[in-house]
Amino acid sequence: MIIFEKDIEKVYPGTIMGVLIVRGISERAVCKKEDEAKFLKELREKYEGFTRKELKEQSPVDAYASYYKKFGQSYHLLAQLDSMLNGKKICDSKLPLLQSMFFNELESMMLTAGHDLNRLKPPLRLDLAAGNEAYQSISGRDVTAAAGDIILSDSVRVFSSILKGPDYDTRITPDTSDVLFTIYAPPGIGAPKVRTALKKLEKRILALAPNCKTEILQVLEAQTC
(Lines give C-alpha, C1' and ligand atoms only; values in the text may rest on other atoms or scores of the structure.)
Protein backbone atom coordinates (compact mmCIF):
# COMPACT_ATOMS: atom_id res chain seq x y z
CA MET A 1 0.00 0.00 0.00
CA ILE A 2 2.80 2.42 0.95
CA ILE A 3 6.35 2.06 -0.33
CA PHE A 4 9.07 2.94 2.18
CA GLU A 5 12.04 4.55 0.47
CA LYS A 6 15.47 3.36 1.63
CA ASP A 7 16.41 6.67 3.26
CA ILE A 8 13.66 6.14 5.84
CA GLU A 9 15.23 2.87 6.92
CA LYS A 10 18.70 4.43 7.10
CA VAL A 11 17.85 7.64 8.95
CA TYR A 12 14.86 6.57 11.06
CA PRO A 13 15.08 2.78 11.55
CA GLY A 14 12.01 1.53 13.35
CA THR A 15 9.66 4.05 11.74
CA ILE A 16 6.13 2.72 11.46
CA MET A 17 3.18 3.79 9.37
CA GLY A 18 -0.29 2.68 10.37
CA VAL A 19 -2.78 2.46 7.50
CA LEU A 20 -6.56 2.25 7.67
CA ILE A 21 -8.69 2.38 4.52
CA VAL A 22 -12.45 2.51 4.94
CA ARG A 23 -14.85 2.59 1.98
CA GLY A 24 -18.53 3.24 1.51
CA ILE A 25 -19.18 5.90 4.14
CA SER A 26 -22.62 7.11 3.15
CA GLU A 27 -23.94 8.38 6.48
CA ARG A 28 -24.08 12.14 6.91
CA ALA A 29 -24.30 12.45 10.67
CA VAL A 30 -23.58 15.63 12.57
CA CYS A 31 -21.18 16.20 15.45
CA LYS A 32 -22.93 16.07 18.81
CA LYS A 33 -21.93 18.21 21.76
CA GLU A 34 -22.73 15.35 24.12
CA ASP A 35 -20.17 13.13 22.35
CA GLU A 36 -17.53 15.78 22.86
CA ALA A 37 -18.50 16.26 26.51
CA LYS A 38 -18.31 12.51 27.15
CA PHE A 39 -14.92 12.24 25.46
CA LEU A 40 -13.54 15.22 27.34
CA LYS A 41 -14.68 13.74 30.66
CA GLU A 42 -12.93 10.44 29.85
CA LEU A 43 -9.79 12.26 28.72
CA ARG A 44 -9.58 14.26 31.93
CA GLU A 45 -10.08 11.13 34.02
CA LYS A 46 -7.31 9.37 32.09
CA TYR A 47 -4.76 12.15 32.61
CA GLU A 48 -5.90 13.47 35.98
CA GLY A 49 -2.97 14.65 38.08
CA PHE A 50 -0.43 14.65 35.25
CA THR A 51 1.74 17.72 34.77
CA ARG A 52 2.70 18.74 31.24
CA LYS A 53 6.26 17.56 31.93
CA GLU A 54 4.95 14.18 33.02
CA LEU A 55 2.74 13.94 29.93
CA LYS A 56 5.78 14.63 27.76
CA GLU A 57 7.61 11.72 29.37
CA GLN A 58 4.79 9.24 28.65
CA SER A 59 4.96 6.87 25.70
CA PRO A 60 4.32 7.54 22.83
CA VAL A 61 4.59 11.29 23.45
CA ASP A 62 8.28 10.96 24.33
CA ALA A 63 9.06 9.47 20.89
CA TYR A 64 7.29 12.30 19.07
CA ALA A 65 8.91 14.91 21.32
CA SER A 66 12.32 13.46 20.43
CA TYR A 67 11.53 13.57 16.69
CA TYR A 68 10.22 17.14 16.78
CA LYS A 69 13.20 18.28 18.85
CA LYS A 70 15.51 17.38 15.95
CA PHE A 71 13.82 20.19 14.02
CA GLY A 72 13.74 22.65 16.92
CA GLN A 73 10.01 22.16 17.44
CA SER A 74 7.71 20.79 20.12
CA TYR A 75 5.06 18.13 19.58
CA HIS A 76 1.93 20.14 18.80
CA LEU A 77 -0.46 17.39 19.91
CA LEU A 78 0.84 17.75 23.46
CA ALA A 79 -0.21 21.41 23.44
CA GLN A 80 -3.65 20.43 22.11
CA LEU A 81 -4.05 17.82 24.84
CA ASP A 82 -3.04 20.34 27.47
CA SER A 83 -5.59 22.82 26.12
CA MET A 84 -8.35 20.20 26.11
CA LEU A 85 -7.57 19.13 29.67
CA ASN A 86 -7.69 22.73 30.84
CA GLY A 87 -10.91 23.56 29.00
CA LYS A 88 -9.23 26.01 26.62
CA LYS A 89 -9.86 24.08 23.43
CA ILE A 90 -12.65 21.99 21.99
CA CYS A 91 -12.97 20.05 18.77
CA ASP A 92 -14.11 22.66 16.25
CA SER A 93 -14.70 20.26 13.36
CA LYS A 94 -18.23 19.98 12.01
CA LEU A 95 -17.47 16.69 10.26
CA PRO A 96 -18.00 13.52 12.35
CA LEU A 97 -15.20 11.71 10.50
CA LEU A 98 -12.71 14.38 11.54
CA GLN A 99 -14.12 14.53 15.05
CA SER A 100 -13.68 10.76 15.42
CA MET A 101 -10.12 10.99 14.12
CA PHE A 102 -9.31 13.89 16.48
CA PHE A 103 -10.72 12.03 19.49
CA ASN A 104 -8.71 8.95 18.58
CA GLU A 105 -5.57 11.03 18.07
CA LEU A 106 -5.83 12.62 21.50
CA GLU A 107 -6.66 9.33 23.18
CA SER A 108 -3.66 7.57 21.61
CA MET A 109 -1.44 10.68 21.30
CA MET A 110 -0.34 9.34 17.91
CA LEU A 111 -0.07 11.69 14.94
CA THR A 112 -2.96 10.82 12.63
CA ALA A 113 -4.05 12.19 9.25
CA GLY A 114 -7.12 11.57 7.13
CA HIS A 115 -7.41 11.85 3.35
CA ASP A 116 -10.08 11.43 0.70
CA LEU A 117 -8.86 8.25 -0.96
CA ASN A 118 -10.37 9.16 -4.33
CA ARG A 119 -8.17 12.26 -4.52
CA LEU A 120 -4.98 10.19 -4.35
CA LYS A 121 -3.01 8.73 -7.26
CA PRO A 122 -1.12 5.54 -6.25
CA PRO A 123 1.52 4.42 -5.64
CA LEU A 124 2.05 6.08 -2.27
CA ARG A 125 5.57 6.60 -0.96
CA LEU A 126 7.06 7.43 2.42
CA ASP A 127 10.31 9.34 2.05
CA LEU A 128 12.52 12.06 3.52
CA ALA A 129 11.95 15.64 2.38
CA ALA A 130 14.68 17.42 0.44
CA GLY A 131 13.32 20.68 1.80
CA ASN A 132 11.81 22.06 -1.42
CA GLU A 133 8.52 20.14 -1.48
CA ALA A 134 5.76 22.75 -1.48
CA TYR A 135 2.05 22.17 -1.01
CA GLN A 136 -1.05 23.83 0.36
CA SER A 137 -1.71 22.85 3.95
CA ILE A 138 -5.14 21.79 5.18
CA SER A 139 -5.66 25.32 6.48
CA GLY A 140 -5.05 26.72 3.00
CA ARG A 141 -1.57 28.11 3.67
CA ASP A 142 1.36 27.48 1.34
CA VAL A 143 3.97 25.41 3.17
CA THR A 144 7.31 23.85 2.32
CA ALA A 145 8.43 20.58 3.88
CA ALA A 146 11.39 20.76 6.25
CA ALA A 147 14.53 19.01 4.99
CA GLY A 148 14.79 15.59 6.60
CA ASP A 149 11.15 15.44 7.66
CA ILE A 150 9.14 12.33 6.83
CA ILE A 151 6.77 13.01 3.94
CA LEU A 152 4.03 11.03 2.19
CA SER A 153 3.43 11.43 -1.53
CA ASP A 154 1.44 9.86 -4.33
CA SER A 155 2.46 9.71 -7.99
CA VAL A 156 1.93 13.43 -8.53
CA ARG A 157 2.72 15.34 -5.32
CA VAL A 158 3.52 15.42 -1.61
CA PHE A 159 0.26 15.44 0.30
CA SER A 160 1.35 15.09 3.92
CA SER A 161 4.30 15.39 6.28
CA ILE A 162 4.88 14.99 9.98
CA LEU A 163 5.81 18.61 10.71
CA LYS A 164 3.53 20.42 8.24
CA GLY A 165 0.55 18.10 8.37
CA PRO A 166 -1.85 17.00 5.60
CA ASP A 167 -2.65 18.96 2.46
CA TYR A 168 -5.78 20.81 1.39
CA ASP A 169 -6.46 18.97 -1.86
CA THR A 170 -6.94 15.52 -0.29
CA ARG A 171 -8.77 16.73 2.83
CA ILE A 172 -11.88 14.97 4.08
CA THR A 173 -15.06 16.81 3.06
CA PRO A 174 -18.80 16.18 3.58
CA ASP A 175 -18.79 14.30 0.25
CA THR A 176 -15.94 11.94 1.17
CA SER A 177 -16.99 8.28 1.08
CA ASP A 178 -13.64 6.46 0.90
CA VAL A 179 -10.97 7.41 3.42
CA LEU A 180 -7.29 6.77 4.02
CA PHE A 181 -6.20 7.27 7.62
CA THR A 182 -2.49 7.19 8.43
CA ILE A 183 -0.65 7.12 11.73
CA TYR A 184 2.93 8.38 11.65
CA ALA A 185 5.00 6.63 14.30
CA PRO A 186 8.68 7.64 14.59
CA PRO A 187 11.25 5.28 16.14
CA GLY A 188 10.57 4.21 19.71
CA ILE A 189 6.83 3.49 19.57
CA GLY A 190 6.45 -0.02 18.19
CA ALA A 191 3.86 -1.81 16.08
CA PRO A 192 1.50 -3.04 18.87
CA LYS A 193 0.60 0.50 19.97
CA VAL A 194 0.00 1.60 16.40
CA ARG A 195 -2.23 -1.39 15.70
CA THR A 196 -4.23 -0.74 18.87
CA ALA A 197 -4.79 2.87 17.81
CA LEU A 198 -5.87 1.76 14.34
CA LYS A 199 -8.35 -0.74 15.76
CA LYS A 200 -9.86 1.90 18.04
CA LEU A 201 -10.15 4.32 15.13
CA GLU A 202 -11.80 1.63 13.03
CA LYS A 203 -14.29 1.01 15.83
CA ARG A 204 -15.13 4.71 16.01
CA ILE A 205 -15.68 4.92 12.25
CA LEU A 206 -17.85 1.80 12.20
CA ALA A 207 -19.98 3.24 15.01
CA LEU A 208 -20.40 6.37 12.94
CA ALA A 209 -21.08 4.58 9.65
CA PRO A 210 -22.16 0.95 10.28
CA ASN A 211 -22.47 0.14 6.58
CA CYS A 212 -18.92 1.05 5.62
CA LYS A 213 -16.27 -1.57 4.98
CA THR A 214 -12.67 -1.79 6.14
CA GLU A 215 -10.46 -2.57 3.15
CA ILE A 216 -7.05 -2.36 4.82
CA LEU A 217 -5.87 -2.19 8.40
CA GLN A 218 -2.11 -2.58 8.29
CA VAL A 219 1.03 -1.67 10.21
CA LEU A 220 4.08 -1.11 8.03
CA GLU A 221 7.58 -1.06 9.48
CA ALA A 222 10.61 0.57 7.85
CA GLN A 223 13.10 -2.17 8.63
CA THR A 224 10.96 -4.81 6.92
CA CYS A 225 10.27 -2.87 3.73
Side-chain angles (χ1 to χ4, degrees), residues 1-25 60 63-64 66-68 70-71 77 97 101 104-105 108 110-138 143-172 176-202 205 212-225:
M1 176 61 201
I2 297 178
I3 300 168
F4 279 64
E5 297 297 346
K6 291 182 179 179
D7 284 347
I8 295 287
E9 183 178 351
K10 292 177 182 177
V11 178
Y12 299 116
T15 293
I16 292 172
M17 174 66 83
V19 178
L20 174 64
I21 291 180
V22 182
R23 292 186 181 271
I25 299 172
Y64 287 103
S66 177
Y67 180 92
Y68 275 68
K70 296 177 189 295
F71 299 89
L77 203 56
L97 271 178
M101 184 183 75
N104 206 77
E105 190 175 41
S108 68
M110 292 189 187
L111 189 62
T112 309
H115 305 274
D116 188 319
L117 188 63
N118 296 316
R119 301 287 296 177
L120 297 172
K121 308 291 184 185
L124 307 184
R125 297 179 182 275
L126 200 68
D127 203 352
L128 297 185
N132 57 4
E133 296 87 353
Y135 63 95
Q136 192 176 30
S137 74
I138 197 167
V143 297
T144 301
D149 189 19
I150 295 177
I151 56 175
L152 187 59
S153 62
D154 63 4
S155 62
V156 295
R157 83 302 208 182
V158 171
F159 64 89
S160 184
S161 67
I162 288 186
L163 298 179
K164 303 297 183 179
D167 74 342
Y168 184 83
D169 187 52
T170 69
R171 73 194 186 283
I172 293 172
T176 298
S177 59
D178 303 329
V179 185
L180 164 69
F181 293 104
T182 60
I183 294 179
Y184 291 92
I189 294 177
K193 287 184 179 179
V194 177
R195 183 172 295 279
T196 295
L198 285 175
K199 294 294 289 185
K200 288 185 176 181
L201 178 56
E202 178 191 37
I205 302 304
C212 69
K213 301 294 182 184
T214 298
E215 182 175 288
I216 293 176
L217 192 156
Q218 190 173 19
V219 177
L220 305 171
E221 301 184 54
Q223 62 265 32
T224 61
C225 296

Atom pair CG (Leu20) and OG1 (Thr112), whose distance is rounded to the nearest 0.5 Å: 10.0 Å
Nearest-0.5 Å distance that lies between atom CG in Asn118 and atom OG1 in Thr170: 11.5 Å
Closest heavy-atom pair and its distance - Ile8, Ala222: CG2-CB, 3.9 Å
Where Gly18 and Val194 come nearest, the two heavy atoms and their spacing: CA-CG1, 3.7 Å
Pair Glu105-Leu111, side chain to side chain contact (heavy atoms under 4.5 Å, CB included): steps then yes or no: CA-CA 6 Å; Glu105 190 175 41; Leu111 189 62; 3.8 Å; yes
From Glu215 atom CD to Leu180 atom CG, the distance as rounded to the nearest 0.5 Å: 10.5 Å
Trace of the side chain to side chain contact (heavy atoms under 4.5 Å, CB included) decision for His115 with Ser160: CA-CA 9 Å; His115 305 274; Ser160 184; 3.9 Å; yes
Least distance between heavy atoms, Ser153 atom then Val158 atom: CB-CA, 3.7 Å
Value rounded to 0.5 Å, distance of CG in Leu163 from OG1 in Thr144: 12.5 Å
Heavy-atom closest pair, residues Ala197 and Ile183: CB-CD1, 3.7 Å
Beyond-backbone contact of Ile205 with Phe181, side-chain heavy atoms, under 4.5 angstrom: yes
Aromatic centroids of Tyr67 and Tyr184 separated by under 6.0 Å: no
Polar side-chain atom of Tyr68 near backbone of Ile162 as donor-acceptor pair, under 3.5 Å: yes
For Ala113 against Met101, the heavy-atom pair lying closest together: C-SD, 3.6 Å
For Glu202, all residues meeting salt bridge (charged side-chain N to carboxylate O under 4.0 Å, His left out), sequence neighbours excluded: Lys199
Shortest non-hydrogen contact between Tyr64 and Pro186, atoms and distance: CE2-CD, 3.3 Å
Under 3.5 Å, which donor-acceptor pairs link side chains of residues 121-131 to any protein atom two or more places apart or in another chain?
residue, atom, partner, partner atom, Å
Arg125, NH1, Glu5, OE2, 2.8

Close side-chain approach of Arg195 to Leu217, heavy-atom, < 4.5 Å: yes
Salt bridge (Lys or Arg N to Asp or Glu O under 4.0 Å) contacts in which one or both residues fall within residues 153-169, not counting sequence neighbours: Arg119-Asp169, Asp154-Arg157, Arg157-Asp169
From Thr176 atom OG1 to Ile25 atom CD1, the distance as rounded to the nearest 0.5 Å: 8.0 Å
Pairs meeting criterion salt bridge (Lys or Arg N to Asp or Glu O under 4.0 Å) with involvement of residues 176-187, two or more places apart: Arg23-Asp178
Interatomic spacing from CG in Leu201 to CG in Leu97 - rounded to 0.5 Å: 9.0 Å
Residues, nucleotides or ligands: over 12 heavy atoms within 6.0 Å of Tyr168 OH: no
Working for side chain to side chain contact (heavy atoms under 4.5 Å, CB included), residues Ile150 and Tyr12: CA-CA 9 Å; Ile150 295 177; Tyr12 299 116; 3.8 Å; yes
Contacts of type side-chain hydrogen bond (donor to acceptor under 3.5 Å, both in side chains), residue Ser66, not counting sequence neighbours: none
Residues that Ala191 engages under side-chain contact (heavy atoms from CB on, under 4.5 Å), provided they are two or more places apart: Ile16, Val219, Glu221
